[in-house]
Amino acid sequence: MTNDPGQQPADPAHDAWVNLQTTPPSPAPRRGLTKRSWALLILSAVIVVGLSLASLIKVPVAILRPGPATNTLGKIDGKPVIGIEGATTYPTDGELLFTTVSLAGGPQYPVSAIEWAWTKLTDRNAQFYPESAFFQEGQTADEVQQESTAEMTGSQEIAQTVALRAAGFTVGEKIQVAAVSTDAPSGTVFHVGDILVTVNGKAMNRIEDPIDALEDVTAGSEVPVTVERDGREVSFNAKTGARPDNGKAYLGIVPNPKYTFPVKVTVNAGDVGGPSAGTMFSLAIYDKLTSGSLTGGKSIAGTGTISEDGTVGPIGGVRQKMIGAQNAGATYFLAPEADCNEVVGHVPSGLTVVRIATFDQAKSDVQKIAAGQSQGLPTCQTS
């Protein structure tokens, strides 16, 4: 056994004696928390508890914020937003952006007290509405999702119809019974899924035809009806009722168009619901089906529902959509005429807003923008 130089062998007895005789150091005096420390500790606990409670408390409001803008002439996740098969398509350039809003509230994304307060303090672009402005009482999250998806699907079909017809294609159309009111006088004679052939002797080819066919009918009288049911025609008399709003005759059915498209059009809109992209979809489909660039390389954003007759309808959140368009780099924005009261006084810097009422007008205005002839286009200030 070897030891390091200068190290003495251990002596257990000596070590024990030294340990017993050595006075241990006095412990540090114990000090209690000061009043200030206690106050800070209590305040911190109160804040944590308060924030936790605030995140659990729900506020019955809906909050609209600017959402992203998507180029209908571009791609999402590598797939074209607008895909067309069965027809010649043409190169496009520029952008036709459909704009969106971020909507918080309702059964899917309820607004907590802390989100409400934080948004009030920090987001000058947010708008607050009663929850009832967007959601029905008792609606479930699944019902909201189904409604939003159905609106998007319907808007895409109508956009295809408008664009294809404008591009010279024939779109077949039948009128299908989507729902039947059980308390209507004729509620028992119609079946969901019936295809309307004639009503009061008039052929049913467009969605407005069932209403037009009853224009001169006295409420309470019967009208002859022929439907296609299970592959065969069925004829019967249907008694009309009186509409509660104007007293005119009605059948108590919900008609839906059933289209036959000569071209396959697919729309890849991503995780977006609702009908407000219809106008921009129709412009993009038309652009792809016709020669020449509709935009002339310009970046044009917009919004608006689209009806089968080409009417552009109002939407919600136009202020936020204009901001989203500005954020995406758009220089022009197509706004529904019916939303002009929301546009005036809220146009972001660098954005020119063009007021539109129909698809044909929107198409013509985009062509003028493309040609550098934007002076004199209708605006909300000149409506």
Side-chain angles (χ1 to χ4, degrees), residues 82-87 143 145-182 184 186-215 223-238 240 249-269 273-282 284-286 289 304-313 358-359:
I82 303 292
I84 299 177
E85 299 177 23
E143 289 171 341
Q145 182 63 44
Q146 289 169 5
E147 180 180 330
S148 180
T149 301
E151 288 175 339
M152 172 57 84
T153 301
S155 74
Q156 291 173 9
E157 287 194 347
I158 295 175
Q160 292 177 47
T161 302
V162 171
L164 287 168
R165 286 174 175 165
F169 292 86
T170 299
V171 178
E173 181 176 353
K174 294 182 178 181
I175 310 303
Q176 188 173 45
V177 177
V180 181
S181 176
T182 55
S186 56
T188 58
V189 296
F190 286 100
H191 295 179
V192 172
D194 283 348
I195 302 295
L196 299 181
V197 179
T198 62
V199 173
N200 198 27
K202 297 180 180 179
M204 299 289 102
N205 298 312
R206 297 291 183 97
I207 192 65
E208 63 270 14
D209 286 345
I211 296 176
D212 293 344
L214 301 179
E215 185 64 33
V223 294
V225 174
T226 299
V227 301
E228 182 183 319
R229 180 182 298 165
D230 298 328
R232 61 189 183 90
E233 288 193 356
V234 178
S235 297
F236 51 82
N237 289 329
T240 62
Y250 82 118
L251 292 172
I253 61 174
V254 177
N256 258 5
K258 187 172 181 175
Y259 302 109
T260 304
F261 295 110
V263 173
K264 183 179 180 181
V265 179
T266 56
V267 180
N268 171 33
S276 65
T279 295
M280 301 310 291
F281 286 152
S282 62
I285 295 168
Y286 177 84
L289 287 171
T305 63
I306 193 76
S307 299
E308 188 183 327
D309 63 359
T311 300
V312 175
T358 66
F359 169 81

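When reading the values below, keep in mind they use all heavy atoms of this one structure, side chains included, and skip hydrogens, waters and symmetry mates. Since this is a predicted model, take the numbers as computed values, not measurements.
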Between Phe359 and Thr279, does a side-chain contact (heavy atoms from CB on, under 4.5 Å) hold up when you go through it step by step? CA-CA 7 Å; Phe359 169 81; Thr279 295; 5.6 Å; no

Show your working on side-chain contact (heavy atoms from CB on, under 4.5 Å) between Phe169 and Leu289 and close with a plain yes or no. CA-CA 10 Å; Phe169 292 86; Leu289 287 171; 4.1 Å; yes

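Among residues two or more places apart in sequence or in another chain, the side chain to side chain donor-acceptor pair (under 3.5 Å) test is passed with Glu215 by Lys248. Applying the side chain to side chain donor-acceptor pair (under 3.5 Å) criterion to Ser181, with sequence neighbours excluded, gives Asp183. In terms of the side chain to side chain contact (heavy atoms under 4.5 Å, CB included) criterion, residue partners of Asn237 (sequence neighbours excluded) are, by chain and number, Glu222, Pro224. Scored by the side chain to side chain contact (heavy atoms under 4.5 Å, CB included) test, Ala203 finds Asn205 as partners (sequence neighbours excluded). Not a single side chain to side chain donor-acceptor pair (under 3.5 Å) links Thr240 to another residue, sequence neighbours left out. Partners of Ser276 by side chain to side chain donor-acceptor pair (under 3.5 Å), not counting sequence neighbours, listed by chain and number: Lys321. Not counting sequence neighbours, the partners of Phe190 by the ring-ring contact (aromatic ring centres under 6.0 Å, His included) test are Phe236. With sequence neighbours excluded, the residues forming a side chain to side chain contact (heavy atoms under 4.5 Å, CB included) with Pro255 are Ile175, Ile207, Pro210, listed by chain and number.
Each side chain to side chain donor-acceptor pair (under 3.5 Å) pair with one or both residues in residues 164-174, not counting sequence neighbours, appears once here: Arg165-Glu173, Arg165-Glu308. Counting only residues at least two apart or on different chains, no salt bridge (charged side-chain N to carboxylate O under 4.0 Å, His left out) pair has a member in residues 251-265. Residues in residues 148-163 take part in no salt bridge (charged side-chain N to carboxylate O under 4.0 Å, His left out) pair, two or more places apart or across chains.
Residues Ser307 and Val162 share a closest heavy-atom pair of O-CG2, 3.4 Å. Scanning all heavy atoms of the two residues, the minimum distance from Ala269 to Met152 falls at CB-CE, 4.2 Å. Across every non-hydrogen atom of Val263 and Gly86, the tightest pair is CG2-O, 4.2 Å. Shown here for Gly187 and Val180, the closest heavy-atom pair between the two residues is O-CG1, 3.3 Å. Contact record, Leu214 with Ala249: CD1-O, 3.9 Å, taken as the closest heavy-atom pair.
Atom-to-atom distance recorded for Asp212:CG and Arg206:CZ is 11.5 Å, nearest 0.5 angstrom. To the nearest 0.5 angstrom, Leu196 atom CG is 10.0 Å from Thr226 atom OG1. To the nearest 0.5 angstrom, Asp209 atom CG is 5.0 Å from Met204 atom CE.
Side-chain atoms of Asn200 do not come within 3.5 Å of backbone N or O of Val223 as any donor-acceptor pair. Of the possible polar contacts, one joining the Thr305 side chain to the Gly313 backbone as a donor-acceptor pair under 3.5 Å is found.
Using a 4.5 Å heavy-atom threshold, the side chains of Tyr259 and Ile158 count as touching. Put simply, the side chain of Val267 reaches to within 4.5 Å of the side chain of Ile82, judged on heavy atoms. For the pair Tyr250 and Ile211, the minimum side-chain heavy-atom distance is 4.5 Å or more.
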Distance-only criterion, 3.5 Å: show the donor-acceptor pairs between side-chain atoms of residues 227-234 and protein atoms not counting sequence neighbours.
| from | atom 1 | to | atom 2 | distance (Å) |
| --- | --- | --- | --- | --- |
| Arg229 | NE | His191 | ND1 | 3.4 |
| Arg229 | NE | Asp194 | OD1 | 2.8 |
| Arg229 | NH2 | Val189 | O | 3.0 |
| Arg229 | NH2 | Asp194 | OD2 | 2.8 |

